[in-house]
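Throughout, a chain's letter reflects where its sequence line sits, starting with A, and its residues are numbered from 1. Values in this document were obtained by computation on a predicted structure and should not be read as measured data.
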Amino acid sequence: MNKLEPEEQRRLLEEIAPDLLEAKKAEEEKKLPPLPGAEKGKVVTRLPPEPSGYMHIGHAMSGFLNYLYARMYDGKVWLRFEDTDPRKVKLEYYESFRRGYRWLGIEWDYEKNNSDDMELFYKYAEQLIKSGKAYVCTCSAEKMRRLRAAGEECEHRKRGVDENLHLWNEMLAGAFGEGEATLRLVGDMKSKNTTMRDPVLFRIINHPHPLTGSKYRVWPLYDFAVSIEDYLCGVTHVLRTSEFALRDELQNYIRSLLGMRNPIYIEYSRFEFKGTPVSKRKLRAVIESGLASSWDDPRFPTIEGIRRRGIVPEAIKEFTITQTGFSYAKREYDWSLLFAVNRKILDPRARRLFFVPNPVKLVVEDAPKVSVEAPYHPDRSELGSRRIEAGNSFYVPREDFEKAAEGRLIRLKYLMNVRILEKREGLVKAEFAGREVVKNVKIVQWVPADDFVDVEVLVPGPLYLDGEVNPESLRKVMGVGEPAVKTVKPGEVVQFERFGFCRRDSEKGYVFIKAHD
RNA sequence: GCUCCGGUAGUAUAGUCCGGUCAAGUAUGCGGGCCUCUCGAGCCCGUGACCCGGGUUCAAAUCCCGGCCGGAGCACCA
């Protein structure tokens, strides 16, 4: 009864929307649209990761939605691991999700694992059996699949309660091997919604679970576990991706049989970025092709990948709030949308430094030997400055000087103007042309030729182009950096002037990853 | 194949429920200008969309029908 059709969800959303829009303009703060059926202080949402793989940006955005709505209504958030497939679940992933949520600034009030509640699941299963709503089925998987597709019942559905109870206890006692018996819901074999056709509630898995070891062999399936857990946790709003939409009916039905209240569902299509699939299969293909070596590759949509790339949590949060809608339509975000948000956040805090990609040597024989005090930020003096000692030879961007004609005037930022005299392979000669700023002269960054560090910048691009793995998805730019590059701490994001925002990725040596321009 | 669900500018969204105020708003992108000792940020101007075809109506992005295109599901995964 709490189940709302998408139209209904939108209608409710719309009803309160005008207030929101006005409020948004008034305080210039970005807010999510109102949550249907939400009451201050009574909202409970959940973060439901399956600890079977790496956390990615889709988890992050979904996580923000659940977290921000709970916060917006002074509600509570559960972190609940959906870990009822012992074969898929791995210990390392539990912590990786906690770490990911923490990094994002997503806080949760309570935490549990579905696998904590096995005894409870068994209790509810027994209740269903006793009320004639569940039966033990000993069909083979293939037969069951065939019958479900055809909408036909199997002979096991007619078993009596006592027999089912007996068989169920046999299952729990270990009398059946894997695949030999399941507990099924008495659903509706004729339902158009195939999930309602007597779905399996429990199956046998002979594989140790990372948390409970070999204590349990009879494991609940997703729909059963989640139905019960959402009720147990008091979840009022389920915000999840649309691949679960068909399960609303089933989960509500299971709860109705147990006398449990249902949450409100809000579903939306997956969040994906162009050229960057989140699918484990596709990412693994990239690793297997040798293009990437690990799951934290900066081209990957994994949390570790985007973190290394220099995307900050606030950007993902703001992006989720402003660019997201509860739409079922397929969408593929353009990275530039996220970059724009990230840039606005980074711009006031990132120090400006000189990095010269693909350097060429510039010699200015008559240059005065001077040093300059260069601010780390054009309009935020609190970020400080550094002194650069300049001689008469420099490294400058090859591109700028190769394109420039002889006789052309170019300014070395903060330092002086030079006039190009001659260009030879790997060397440009120029003459000193004054220190004052001249209008309409190209300004470039520079690095003293006798005091610099070698810098390498990784520039990530789309992993897939036109559905094919992109072999040139990671460009490596070699260059030199001014001495102050040594002061950039690992993890810090700076702006290399005229190059882009880059995060220092290495502990030793100067390897950076470019986030964006 | 079957069952659902969608299709608003390059991209992402607002608007669709209760048809007119939408000659369609916002962000980003793109073009131009201003500012700036960065090709960054900021400010200003501009560009650009209701999938197609019918129907209902005085009036349709909004309602109805058909088509096309796209997504999801059809597990003893979640």
Side-chain angles (χ1 to χ4, degrees), chain A residues 5-15 17 21 24-25 30 33 48-53 82-85 87-89 114 137 139-141 144-145 148-149 151 178-184 191-195 197 199-205 219 221-223 225-226 240-247 267 269-271 273-274 319 322-325 327-341 343-344 346-348 350 352 354 372 374-375 377-380 400 411-415 417 436-439 441-445 495-501 516-517:
Chain A
E5 295 299 321
E7 292 75 22
E8 182 76 350
Q9 292 181 9
R10 271 193 292 276
R11 193 184 63 74
L12 283 162
L13 228 51
E14 170 58 12
E15 260 177 12
L21 292 173
K24 181 175 168 182
K25 273 177 189 150
K30 277 129 190 152
E50 181 191 27
S52 67
E82 308 277 357
D83 59 349
T84 49
D85 186 348
R87 240 185 271 276
K88 288 174 72 182
V89 171
N114 284 358
C137 179
C139 286
S140 66
M144 192 187 296
R145 200 174 303 130
R148 290 189 76 202
E178 204 169 309
E180 289 175 0
T182 60
L183 184 73
R184 289 228 260 165
S191 175
K192 277 187 167 183
N193 182 347
T194 47
T195 63
R197 325 239 262 231
V200 171
L201 264 20
F202 286 83
R203 81 299 208 185
I204 295 162
I205 296 180
W219 287 90
L221 272 102
Y222 173 74
D223 289 296
V226 95
R240 51 159 51 147
T241 45
S242 54
E243 66 256 34
F244 297 101
L246 253 29
R247 343 238 21 142
E267 278 133 355
S269 69
R270 293 172 85 118
F271 305 112
F273 286 82
K274 275 207 190 68
F319 182 83
T322 57
Q323 300 297 328
T324 260
S327 149
Y328 279 88
K330 178 211 163 88
R331 54 178 137 197
E332 255 188 342
Y333 294 104
D334 198 295
W335 280 103
S336 66
L337 259 17
L338 214 208
F339 290 164
V341 178
R343 183 157 43 225
K344 272 174 199 148
L346 248 24
D347 184 70
R352 270 56 172 175
F354 288 166
V372 291
H377 196 283
D379 31 51
R380 297 200 61 219
D400 293 305
R411 177 168 180 79
L412 303 184
K413 188 169 179 180
Y414 301 128
L415 220 211
N417 308 315
E436 67 295 343
V437 179
V438 182
K439 276 273 180 199
V441 167
K442 179 174 224 166
I443 297 165
V444 303
Q445 76 279 30
Q495 188 200 64
F496 284 141
E497 295 208 24
R498 305 208 310 135
F499 184 84
F501 290 91
H516 44 70
D517 287 336

Would you give a per-nucleotide map of nucleotides 65-74 of chain B, 5' to 3', where B means the base has a protein non-hydrogen atom under 4.0 Å away, S means only the sugar-phosphate does, and - means neither?
-----SSSSS
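Atom P of nucleotide B:A9 and atom CG of A:Asp334 are separated by 15 Å, given to the nearest angstrom. Here the P atom of nucleotide B:C37 and the NE2 atom of A:His377 are 14 Å apart, to the nearest Å. For the pair A:Arg240 CZ and B:A78 P, the interatomic distance rounds to 13 Å; values are reported in whole Å. The OH atom of A:Tyr414 sits 10 Å away from the C1' atom of B:U36 (whole-angstrom rounding). Remark: P of B:A27 and CZ of A:Arg343 are 15 Å apart, rounded to the nearest angstrom. Atom CZ in A:Arg411 sits about 14 Å away from atom P in B:U36, given to the nearest Å. Between the CG atom of A:Asn193 and the P atom of B:C5 there is a distance of 11 Å, given to the nearest Å. B:A41 atom P lies 13 Å from atom CD of A:Glu497, rounded to whole Å.
In this structure, A:Gln323 reaches the bases: a heavy-atom distance under 4.0 Å links it to at least one base atom across the strands shown. Residue A:Ala340 is in sugar-phosphate contact alone, with no base atom involved, counting any heavy-atom pair closer than 4.0 Å across all strands shown. Among the atoms of the strands shown, none is found under 4.0 Å from any heavy atom of A:Ser191. Among the heavy atoms of the strands lying under 4.0 Å from A:Asp400 is at least one base atom, whether or not backbone atoms are also near. As judged by a 4.0 angstrom heavy-atom cut-off over every strand, A:Asp85 is placed among residues touching the sugar-phosphate backbone only. Among the heavy atoms of the strands lying under 4.0 Å from A:Arg331 are primed sugar atoms or P, OP1, OP2 only; no base atom is included. Across all strands shown, A:Leu221 has heavy atoms under 4.0 Å from sugar-phosphate atoms exclusively, and none from any base. Here A:Glu82 lies in heavy-atom contact (under 4.0 Å) with sugar-phosphate atoms only. Contact annotation for A:Glu178: no contact, since no heavy-atom pair falls under 4.0 Å across all strands.
Between the C1' atoms of B:C35 and B:G42, the separation comes to 8 Å (whole Å). Taking atom C1' on both nucleotides, B:A12 is separated from B:G55 by 33 Å, rounded to a whole Å. Taking atom P in both B:C45 and B:U26, the straight-line distance is 11 Å, to the nearest Å. Nucleotides B:G66 and B:G6 are separated by 15 Å at their P atoms, to the nearest Å. Comparing B:A23 with B:U38, their P atoms sit 44 Å apart, to the nearest whole Å. A distance of about 25 Å separates the P atoms of B:U62 and B:U47, rounded to the whole Å. Annotation: B:A61 and B:G20 have their P atoms spaced 10 Å apart (nearest Å). Taking atom P in both B:C51 and B:U11, the straight-line distance is 13 Å, to the nearest Å.
Taking a pair as Watson-Crick or G-U wobble with both distances under 3.5 Å, the runs of three or more consecutive pairs in RNA chain B are B:1-7 with B:68-74, B:10-13 with B:25-28, B:29-34 with B:42-47, B:51-55 with B:63-67.
Considering only heavy atoms from C-beta on, A:Arg352 stays 4.5 Å or farther from A:Lys413 through its side chain. A heavy-atom distance below 4.5 Å is found between the side chains of A:Arg203 and A:Asp85. Residues A:Met144 and A:Val200 have side chains in contact (heavy-atom distance under 4.5 Å, counting atoms from C-beta outward). The closest side-chain heavy-atom distance from A:Ile204 to A:Glu180 is not below 4.5 Å.
Nearer the 5' end of RNA chain B, as judged by each residue's closest nucleotide, is the contact made by A:Leu337, out of A:Leu337 and A:Lys413.
At distances below 3.5 Å, not a single donor-acceptor pair connects side-chain atoms of A:Thr241 with backbone N or O atoms of A:Arg270. Side-chain atoms of A:Asn417 never come within 3.5 Å of backbone atoms of A:Val437 as a donor-acceptor pair (strictly under, hydrogens ignored). The main-chain N or O of A:Val441 is never found under 3.5 Å from a side-chain atom of A:Arg411 such that the two would form a donor-acceptor pair.
Considering only the side chain of A:Lys192, B:C4 comes nearest among B:U13, B:C4, B:C77. The side chain of A:Thr84 lies closest to B:A78, out of B:A78, B:A41, B:U38. Comparing B:G40, B:U11, B:U28 by their nearest atom to the side chain of A:Lys274 picks out B:U11. Nearest to the side chain of A:Phe501, among B:G40, B:U38, B:A27, sits B:G40. The listed nucleotides are B:U13, B:G40, B:C37; the one nearest the side chain of A:Pro378 is B:G40.
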Run the side chain to side chain contact (heavy atoms under 4.5 Å, CB included) test on A:Asp379 and A:His377 for me, step by step, so that the C-alpha distance in whole Å, both residues' side-chain angles and the decisive distance to 0.1 Å come before the verdict.
CA-CA 6 Å; A:Asp379 31 51; A:His377 196 283; 3.0 Å; yes
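Judged by distance alone, with hydrogens and angles left aside, A:Glu332 brings no side-chain donor or acceptor close enough to the base of B:U11 to form a pair under 3.5 Å.
OP1 or OP2 of B:A41 has not a single side-chain nitrogen or oxygen of A:Arg380 nearer than 4.0 Å.
In summary, the side chains of A:Ser191 and A:Asn193 do not present any donor paired with an acceptor at a separation below 3.5 Å, with no hydrogens or angles considered.
Between A:Tyr333 and A:Phe319, the ring planes lie perpendicular to each other; the angle is over 60°, past the 30° to 60° tilted range.
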